[in-house]
Amino acid sequence: MIVAFVAPLIGAVLIAVTGRSPNLREAVTLSTATITFLTVASLVSGVMDGQRPAVLLFEVLPAITLSFTLEPLGMLFALVASFLWIVTSVYAIGYMRGHNEQNQTRFYVCFAIAISAAIGVAFSGNLFSLLVFYEVLTLSTYPLVTHAGTDNAKAGGRTYLGILLATSIGFLLPAVIWTMHLAGTLDFQDGGIFGQGASGTVLSVLLALYVFGIGKAAVMPFHRWLPAAMVAPTPVSALLHAVAVVKAGVFSVLKVVVYVFGIDVVSGLASGQFFVYLAGATIVIASLVALRQDNIKRRLAYSTVSQLSYIVLAAMLATPLGIVGGTLHVAMHAFGKITLFFCAGAILVASHKTEVSQLNGIGRRMPWTMGAFAVAALSMIGLPPTAGFISKWYILMGAVDSGQMVAAGVLIISTLLNAGYFVPIIYAAFFKPEDGHASDQSHGHGHDHDHGEAPWTCVAALTLTAAGTVVLAFTPDLPLTLARFLTGMPQ
Amino acid sequence: MTAFLEHYNYWIAIFLMMAGFYTVVARGNLVKKIVGLNIFQASVFLLYISMGKVEGGTAPILSGKPEVFSNPLPHVLILTAIVVGVATTALGLSFIVRINESYGTTEEDEIQHMDDEP
Amino acid sequence: MIAAHFPILQVVVPLMAAPFVVLFRNGTVAWFISFAVSWFALAISVALLGQVMDAGEISYAIGDWAPPWGIEYRVDKINAFVLLIVSAIAAIVATFARASVEKEIPEDKQVLFYSAFLLCLTGLLGITITGDAFNIFVFLEISSLSSYALIAMGRDRRALTAAFQYLVMGTIGATFILIGIGLIYMMTGTLNIADMAVRIEAVSTSPTTVAAAAFIFVGVGLKLALFPLHLWLPNAYTFAPSMVSAFLAATATKVSVYVMLRFMFTVFGKFFTFEFLPESPILIFLASLAILTASTVAIFQNNLKRMLAYSSVAQIGYMVFGIAMVNVSGLTAGILHLFNHALMKGGLFMALGCIAYRLGATSIEQVAGAGRRMPLTMFAFVIGGLSLIGVPLTAGFVSKWYLLLGAMEKGWWPAAVIVLVGSLLAVVYVWRVVEAAYFRPSPDGATTVEEAPLSMLIPTWVLIGANVYFGIHTDLSVSVAKQAAVQLLGLAP
């Protein structure tokens, strides 16, 4: 477990040292990513057998320790993050070179640190460790968001850091200290750590502090950092804003609901109901906003905001089926959204296009890319035979199960909206004729038309993840088992 | 009224203290500020010395026969405090000399004006 | 036994060294003596802390005149801790001083500069160690007079006016303390602090005692720059030589906080201070204003030294806040922050010293692009800044943690909110610098790496490293602070 956490850190140092030679640096990145994934993967069988290994790193304050405890939810998150790191590294190499970005060493170093922090979040054995790695993740991704160094990037970075730090210091930190004050412990335990003593009102307020404090879950009104962070290079948006950072957010929400409050407690809280509605509102509003975005990455960002709230909604339903659905969605959405971002990046590298309205006919020039895009979009919408269908199915079951018809209605409406903002892109890419004239005016370069596919590493990466969404749909055993462990459901 | 008069030493101390304090706050000339600071400190010295006085007591010098002494401790303390006061005054005046060298004035508002401009 | 004389050696060695260095007309020799003396003082204070933790309070009668008639030096857990802070910062800053002073102080003044530094150290150590109230005043003046002189040695002519302003306000503060001590002496007939504490109970409702308390708290408030008595501080820190800013920011206000603790809890006792007098709400009110106003003002400063100075005013607010809670968590937070803030502000001002050494100025325009030119220095600044904000795994987080815990134990929700808002404001002012340093090109377009000399970088990193170390291994700092808090509150350990 320690190896999985430390490997990316050592990688970061090595990357910094080998910064002068790009080939060596990228070899280090790839091999570190592989080692990390293999280490994480080797832990799976133990967790499946019901083991819960724990490691105490050190004691910071009396009764407050930095420690790792492996449990199914964290296992799943760590698996997803470390696997996608490999894929993203492959992609990033093609992207960064194809795009001639500067400061590439800083980029890879911060990336490795961010992954290490994400794994730290996944493994953390108590709230304090969670908080620590959560903050490290925020800080280490800040240089990635502002990578371009332009005024625009700095403004985006400011929003990013501002919202994430403000919510975590303003809400999460007091929530953690309050928990310490009430429960006397911060360790995650099955069924929650609050005894009978705490009143419903206090717990309601506390739950609100947690959900708003975990700004990375992007529940409205604290979602604005996500579109702002789209100024980052595409691999960053892909891994961090589709996988590591936002997933760390919803993962924390799930973890707090399951292991700090306990499902039974949350289902009895007034604010739990409030958050079902709030998450529902976020889903619908974000989808509506996404419809109106012309920039591909911004459209994807708002789609992420809405998909994240699926998971928050699932957690707040506080039924076993809902939790299973939410957990599955962590993995399923990760594969789908990373593919979409990879595609957006590939389009940018190959054709320098960033707007949806410029994509007419691009499917013929970049068939692999747009094919992958179509598959991933289907998964987002939640159509079989893609992974998104399975998790959505469970969340819907959870909603029906707990009698939350409003939630069920929201899910169905949002499916239609998802279709509304993805299908036109696919249609335009494959069936509309190429819009040569307009393109000439806007660019003035004839050679823009002569582009084909993006660099092969990019295409390989996005094909792989697209395949992943289909494969996961047919063999969801691994995540499903892990998710069921979480709720103590029979196998 | 008698209570007022009996404690006349305190009233003198308080009057001097306020006079000194007012000078420090209200005067713009740095030298006058230092003068005010001196009056302010001197009032405290008087307060200490007068509180050590015992009615009918003499200076505490051993002469062999029992006598009433004034309490010598406050006097000794004030000797130290006077030394501190002299040092403060010396340091303050030396600052004023150097301020005058570099600004060409010892008026606070003019210095302020010159600092705001550069 | 030499160990028995540690309390007096702690003060006398730097005192003797101060005139001694003036005999040498050579800056390097003077520096070496100051350097050796500071490290020697650190060794003694470590030994003293060890003795106190093992064997309890130490009482040392000067010249064998038994207290309460003679002057007593008394070392207990809290002042042993403060002694350690002061001497450790002095030792590190003295190491740092060599290169910085060569650059900033004219050759012929260097000897006198070091002499004043040693006197200032003497004064601060003396205030802390003495068990005699009048002695506190004397040492206070020794340290103040020498620090006025140190500040006046800044290169900018505004250093002179800043020093003068500080001299006037500092003298008024010290005189107030003198009046207060005189009034207590009138009521109790003793100057020994331990003796005072016993005798004051009989007269604790007398108006004279109340007046004495008022004079002392206002006087100390001036010295520790408690809002709104902080006006002297920003100018003084801004225009002082870099090394002086680092030293004073990390020690002078801390010692004043200690004096306040001593009078509040030991001399007057917590019942008099917090139940008979309404100190708690007053302090909370002032501390909240300090945190909010000073942090906001810090955001708008272009000179980074001034920005850190205002941040100091805010951080002092946190300490006073913790003290005003009068419970174990709050008081622990206050004392802990004393220590942690010394680490972070010392480190930050030293990092600015490095910047001033290379780039010549510390305005935010000058710092632009410094992340590339001075990577190690700027990284140190970033870590120090994170500690100031209170990010987990830095020392600042630990003190914030206890502060919030204390507020929650009291049920003071608005207080917790103010602390959190203060942290957010700190994010803003620290991040302005980070953005400038890393994402803006340097003004003259230079991109070559020009780090400060190692003799400056290493001490800076020692302090910054300590921020991280004490953010992770809190055994030492927290346990000492907690024991000191328990002792001050008079609870059974």
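Keep in mind the model is a prediction, meaning the values are calculated, not measured. Order of the sequence lines fixes the chain letters, A, B, ..., with proteins taken first and strands second; residue numbering starts at 1 for each chain.
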Heavy-atom proximity to chain C below 4.5 Å, by part of A/Tyr142: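 Side chain of A/Tyr142 only, per the 4.5 Å heavy-atom cut-off to chain C.
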Any chance you could measure [X], atom [atom1], to [Y], atom [atom2], to the nearest 0.5 Å?
X: A/Ile177; Y: C/Leu405; atom1: CD1; atom2: CG; answer: 6.5 Å
X: A/Leu173; Y: C/Ser423; atom1: CG; atom2: OG; answer: 7.5 Å
X: C/Ile389; Y: A/Glu135; atom1: CD1; atom2: CD; answer: 9.5 Å

Please check if the number of heavy atoms outside C/Asn302 that lie under 6.0 Å from its CG is greater than 12. yes
Give, as side chain, backbone, both or neither, the part of C/Val398 having an atom under 4.5 angstrom from any heavy atom of chain A. side chain
Less than 4.5 Å apart, any side-chain heavy atom of [X] and any of [Y]?
X: C/Leu393; Y: A/Leu66; value: yes
X: A/Leu131; Y: C/Phe397; value: yes
X: A/Ile169; Y: C/Val391; value: no
X: A/Val176; Y: C/Trp401; value: yes

Where is the tightest heavy-atom contact between [X] and [Y], given as atom of each residue plus distance?
X: C/Met408; Y: A/His181; value: O-NE2, 3.7 Å
X: C/Leu420; Y: A/Gly170; value: CD1-O, 3.7 Å
X: A/Ala166; Y: C/Leu424; value: CA-CD2, 3.4 Å

Relative to the ring of C/Trp413, is the ring of A/Trp178 parallel (under 30°), tilted (30 to 60°) or perpendicular (over 60°)? tilted
